[in-house]
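First listed ligand is number 1; within each ligand, the first listed atom is number 1. The figures that follow rest on heavy atoms only: side chains count, while hydrogens, waters and symmetry mates do not.
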Amino acid sequence: MNSIIPSKSILKSLSYLDSTPKLSIPRKNHHHQSNRSQICTIKSIYKHESRNFSVGSNRADWQSSCAILASNVVSQQSTEKTDGGNADITSINGVHQTLDLVPVQQETNLPKPLSITDLSPAPMHGSQLRVAYQGVPGAYSEAAAGKAYPNCEAIPCDQFEVAFQAVELWIADRAVLPVENSLGGSIHRNYDLLLRHNLHIVGEVQLPVHHCLLVLPGVRKEYLNRVISHPQALSQCELTLTKLGLSVAREAVDDTAGAAEFIATHNLRDTAAIASARAAELYGLQILADGIQDDSSNVTRFVMLAREPIIPRTDRPFKTSIVFAHDKGTSVLFKVLSAFAFRNISLTKIESRPYRNRPIRVVGDASTGTAKHFEYMFYVDFEASMADPRAQNALAEVQEFTSFLRVLGSYPMDMTPWSPSNRDM
Ligand SMILES: O=C(O)C(=O)Cc1ccccc1
């Protein structure tokens, strides 16, 4: 095996292992407890009693080790205006159609999504884990939060950017982020968000997604002249919609459950939403067609994000996610991939993302920063824990070939067996 001596920074990253209490995410529960009491509004968050969030110095060590491991890059900045990482309200059938989601408040006790103005630093909270997600109750991200953390308080946010900031400002403990789908592939904008923020991936869940076509009670297929949903949901159901004779306009909105809520709030009898059965229940809609995804094995992968990384372990399967870029050299990608191949480390994902116009601040040994433009960012997930010397050696080698390297997280793999008949949502 072509192994190299771990660098100082990697040795430092090992030092926390013996001295730090083991942290891990709670065991996953297949039966998502999706009752409303799990969800709290921002008001109720503020009511919680305070809690002492002390962070051990050894954990801080691990964090700084990760930073050192991430080559000489300590931070990255984007000069372009951040757009919140939200899905665009785009055209689906070639026609640009912006759906104006007027925030009409329903007579309901469902929590209102957080918005950017709600984000002032919060007092400490009670013991329940608070998980921020983008969307409104009934969204698949809420279900993913419930699967990862069965007794959590799921906190709806109106944008992904808000979910990230909720964690950064201690309003929430975790954020949940969909990153890829078995039909639609990677959700690129969310990968960009991972890079713009400094949160750590601490877990993943794979959620079988079961889409329903929802309408107001009494509405028939013939009345419909548009279908609205999250762009991923629209593309996952495209063939089935056509087979159902629904060659009507498609319009993209921020989240599936938000589409259902919009129909209910505006009493739209000519519009259907693609969303979960739970969204139908919450917003008083009727399920016109069930299981309308084009492929029955439709699974979305979500990652859980936290302010601190978890302690990687080797007693169960772990995955590690990294992002890197290079500005010189030949065959860099080949060399990086061989660092894993030589050590028999399987890759579960490799993704390139154009990054030409977005400088990253690269800081040298003297902490002097220079803004660098990279053509591409490469995202790689591999099946090994950062506590595994093979992964440490592989990354030390990757560091040699790259000018930017960041460990996004090392976390337990979601090993949940699932089948098309599993109906989580
Ligand atoms: O809009 C939602 O409900 C989400 O959580 C995003 C999403 C959309 C479609 C499939 C999986 C996740």
Evaluate side chain to side chain donor-acceptor pair (under 3.5 Å) for T314 paired with D388, printing each intermediate quantity in order.
CA-CA 7 Å; T314 51; D388 178 343; over 6 Å; no
Could you go through ligand 1 and note, for every N or O atom, any protein N or O atom closer than 3.5 angstrom, writing the atom names and distance to 0.1 Å, or 'none'?
{"residue": "ligand 1", "atom": "1 (O)", "partner": "T256", "partner atom": "N", "Å": "2.8"}
{"residue": "ligand 1", "atom": "1 (O)", "partner": "T256", "partner atom": "OG1", "Å": "3.4"}
{"residue": "ligand 1", "atom": "3 (O)", "partner": "Y140", "partner atom": "N", "Å": "2.8"}
{"residue": "ligand 1", "atom": "3 (O)", "partner": "T256", "partner atom": "OG1", "Å": "2.5"}
{"residue": "ligand 1", "atom": "5 (O)", "partner": "Y140", "partner atom": "N", "Å": "3.4"}
{"residue": "ligand 1", "atom": "5 (O)", "partner": "S141", "partner atom": "N", "Å": "2.8"}
{"residue": "ligand 1", "atom": "5 (O)", "partner": "S141", "partner atom": "OG", "Å": "2.7"}

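Each of L214, T265, L216, V136 was compared with Y283 under the side chain to side chain contact (heavy atoms under 4.5 Å, CB included) criterion, and only V136 meets it.
Looking at E351 and K349, a side-chain N of the basic residue comes within less than 4.0 Å of a carboxylate O on the acidic one, giving a salt bridge.
Ring-centre distance between H211 and Y140: below the 6.0 Å cut-off.
Considering CZ of F324 and CD of Q399, their distance stands at 13.0 Å, rounded to 0.5 Å.
Side chain of S385 to backbone of A387: a donor-acceptor contact under 3.5 angstrom is found.
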